[in-house]
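Following: one structure in structure tokens, then a few remarks.
Just so we're clear, the structure is a prediction, and the values are computed from it rather than from any experiment.
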Amino acid sequence: MEFKRKSQAKRFQRMVPSMAEIPGVLFLLLLLCVVGQVSPYGAFWKPTWPAYHLPVVLPQSTLNLAKPDFGAEAKLEVSSSCGPQCHKGTPLPTYEEAKQYLSYETLYSNGSRTETQVGIYILSNGRGGAQYQDSESSGRSRRKRQIYGYDSRFSIFGKDFLLNYPFSTSVKLSTGCTGTLVAEKHVLTAAHCIHDGKTYVKGTQKLRVGFLKPKFKDGGQGANNSSSALPEKMKFQWIRVKRTHVPKGWIKGNANDIGMDYDYALLELKKPHKRKFMKIGVSPPAKQLPGGRIHFSGYDNDRPGNLVYRFCDVKDETYDLLYQQCDAQPGASGSGVYVRMWKRQQQKWERKIIGIFSGHQWVDMNGSPQDFNVAVRITPLKYAQICYWIKGNYLDCREG
């Protein structure tokens, strides 16, 4: 697979006879144009998945790194004092900065580690084949709870719900966080669940992903074995992780204001999980979300063994983050934030993961402290990167 990916990257580069650098300002304009393809409202408008012109993120070179010490303590939430206005005042990255942030580390189950530098390309002639261009914490103490007024979370009980879509896509990480199934062998989660910005957390080398399964009485395995073999409660069945990908924006940012924009990671399992998964999608603007709401399910620590579902309105947004006040507890971080919208091409409703629940932020609102829970948005560039991690072929990542 690694040889195939490297060969593909070389073929892609050969398709680009001249890679003239585009000035940084023009690069930013290109990025903004990528997200501008939105369908107009009509008399019978449905909340519809927008069509995007997506960039391409491809590996350029890979270096072997020393094995990490796996010494960090797992942190089940991330805090930052830089709120919406703070982030909105931060300039978008230049081309070189974007390449740096989207470069990534890969950790393998044997403890070896690599760093991969990437290139970013903009498709310049629609569906043509070869015409691409190379573009250029607060000191305030607080309680752990992030509950806003009445606790609006719902614990999901019963195998008829837990084992069915979309709740069945939520999985538990052995480090204590939540993840979401996004492909046959891949789980999307928060970077801080496996890496603290400096090194990998304890247990990451033997990282496992837990799937809720029915636990039967009398050692039974199902209704076919015994009429008394009825589900009593749920238990976790664990699958080892083969490798993980973490963007350098998180590692270099060290969980600071920039790092929180890149608080996501992809885990590849050692074997397929055989469950229905939820595809990733580019996050639409908040005003285009159905009801302005988002949804996610996670394994909150205050309800051990329970999968907890919630939904709430988006309060504010930046290019990389969604600010909301969904009730959440440590353990829910890493949950996939999703919405359900109309897919025009297939003429059906479809749920997609548009973000990753990250953690908590204090926000100074005109001198008065206010707190939000924060989700990392899947932008066009992040979509291109995560999709390539999953597919290994940029041609399979042209639709977001």
Side-chain angles (χ1 to χ4, degrees), residues 46-47 49 151-174 177-189 208-217 220-239 241 266-267 269 271-281 289-291 293-312 326-329 331-343 346-357 375 378 390:
K46 298 176 181 177
W49 287 108
D151 190 346
S152 59
R153 296 173 298 162
F154 302 87
S155 292
I156 305 302
F157 296 106
K159 69 181 182 67
D160 290 339
F161 291 101
L162 287 168
L163 301 182
N164 286 326
Y165 187 86
F167 303 116
S168 59
T169 64
S170 296
V171 293
K172 185 175 179 66
L173 274 58
S174 56
C177 287
T178 300
T180 306
L181 304 176
V182 292
E184 291 88 351
K185 295 175 64 176
H186 293 90
V187 175
L188 188 64
T189 189
R208 300 177 300 158
V209 171
F211 297 76
L212 273 180
K213 299 275 188 178
K215 183 178 181 180
F216 293 94
K217 296 180 180 179
Q221 297 299 312
N224 292 335
N225 290 352
S226 169
S227 59
S228 63
L230 299 175
E232 181 183 29
K233 58 178 64 175
M234 306 297 287
K235 65 176 182 179
F236 285 105
Q237 182 179 50
W238 299 90
I239 298 180
V241 171
L266 188 76
L267 319 179
L269 304 176
K271 63 180 182 179
H273 53 73
K274 299 180 181 179
R275 285 191 180 185
K276 183 178 180 180
F277 56 86
M278 195 178 301
K279 296 178 181 179
I280 62 171
L289 301 178
R293 292 180 181 143
I294 56 172
H295 309 249
F296 63 94
S297 301
Y299 292 97
D300 301 50
N301 284 357
D302 67 327
R303 300 187 186 183
N306 289 349
L307 180 65
V308 184
Y309 162 76
R310 74 226 75 196
F311 66 90
C312 68
C326 282
D327 292 328
Q329 290 278 288
S333 54
S335 300
V337 173
Y338 66 88
V339 294
R340 179 176 176 265
M341 298 176 70
W342 182 252
K343 190 75 171 176
Q346 285 79 32
Q347 290 292 293
K348 67 176 184 179
W349 294 96
E350 184 175 23
R351 293 178 179 88
K352 288 184 182 180
I353 301 292
I354 62 166
I356 304 94
F357 177 58
I378 298 180
I390 296 172

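Note: Arg208 CZ to Leu269 CG = 13.0 Å, rounded to the nearest 0.5 Å. Atom CG of residue Leu181 and atom NZ of residue Lys276 lie 12.5 Å apart, to the nearest 0.5 angstrom. Between the OG atom of Ser333 and the CD1 atom of Ile356 there is a distance of 12.0 Å, given to the nearest 0.5 Å. To the nearest 0.5 Å, the span separating CD1 on Ile280 from CD1 on Ile353 amounts to 9.5 Å. One finds the CZ atom of Phe277 at 8.5 Å from the CD1 atom of Ile390 (value rounded to the nearest 0.5 Å). Remark: Leu267 CG to Leu173 CG distance equals 5.5 Å, nearest 0.5 Å.
Two residues are said to be in side-chain contact when any heavy atoms from C-beta on lie closer than 4.5 Å; Gln347 and Trp342 meet this criterion. Using a 4.5 Å heavy-atom threshold, the side chains of Val308 and Asp327 count as separate. The side-chain heavy atoms of Cys326 and Phe311, taken from C-beta on, include no pair separated by under 4.5 Å. Between Phe211 and Val209, some side-chain heavy-atom pair lies under the 4.5 Å cut-off. Contact annotation: the side chain of Leu188 approaches that of Ile378 to within less than 4.5 Å [non-hydrogen atoms, C-beta and beyond].
The cationic atom of Lys352 (NZ for Lys, CZ for Arg) lies less than 6.0 Å from the six-membered ring centre of Trp49 and within 45° of the ring axis.
Put simply, the side chain of His273 gets close to the backbone of Ala183: a donor and an acceptor are under 3.5 Å apart. Side-chain N or O atoms of Arg303 include none that pairs as donor or acceptor with a backbone N or O of Asn301 at under 3.5 Å.
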TODO: Run the numbers on Leu307 and Asp300 for side-chain contact (heavy atoms from CB on, under 4.5 Å), then give the verdict.
DONE: CA-CA 7 Å; Leu307 180 65; Asp300 301 50; over 6 Å; no
- [ ] Take Thr178 and Thr189 through the test side-chain contact (heavy atoms from CB on, under 4.5 Å) and record every step on the way to the result.
- [x] CA-CA 7 Å; Thr178 300; Thr189 189; over 6 Å; no
TODO: I would like to know whether Thr180 and Val171 meet side-chain contact (heavy atoms from CB on, under 4.5 Å); could you show each step before the answer?
DONE: CA-CA 6 Å; Thr180 306; Val171 293; over 6 Å; no
Open item on the list: Would Lys185 and Ile239 count as a side-chain contact (heavy atoms from CB on, under 4.5 Å) here? Give the steps.
Closed with: CA-CA 10 Å; Lys185 295 175 64 176; Ile239 298 180; over 6 Å; no
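Within a 6.0 Å sphere centred on NZ of Lys279, heavy atoms belonging to other residues, nucleotides or ligands number 12 at most. More than 12 non-hydrogen atoms from other residues, nucleotides or ligands lie less than 6.0 angstrom from CD of Glu350.
Between Tyr309 and His295, the ring planes are parallel. Angles under 30° get that label, and only those over 60° would be called perpendicular. Ring pair Phe236/Tyr299 is perpendicular by interplanar angle, where above 60° counts as perpendicular and below 30° as parallel.
The two residues Ser335 and Ser297 make their nearest non-hydrogen contact at OG-O, 3.1 Å.
Partners of Arg351 under the side-chain contact (heavy atoms from CB on, under 4.5 Å) rule, at least two apart in sequence or in another chain, are Tyr165, Pro166, Met278, Tyr338, Arg340. The side-chain hydrogen bond (donor to acceptor under 3.5 Å, both in side chains) test applied to Arg293 returns Asp313, not counting sequence neighbours.
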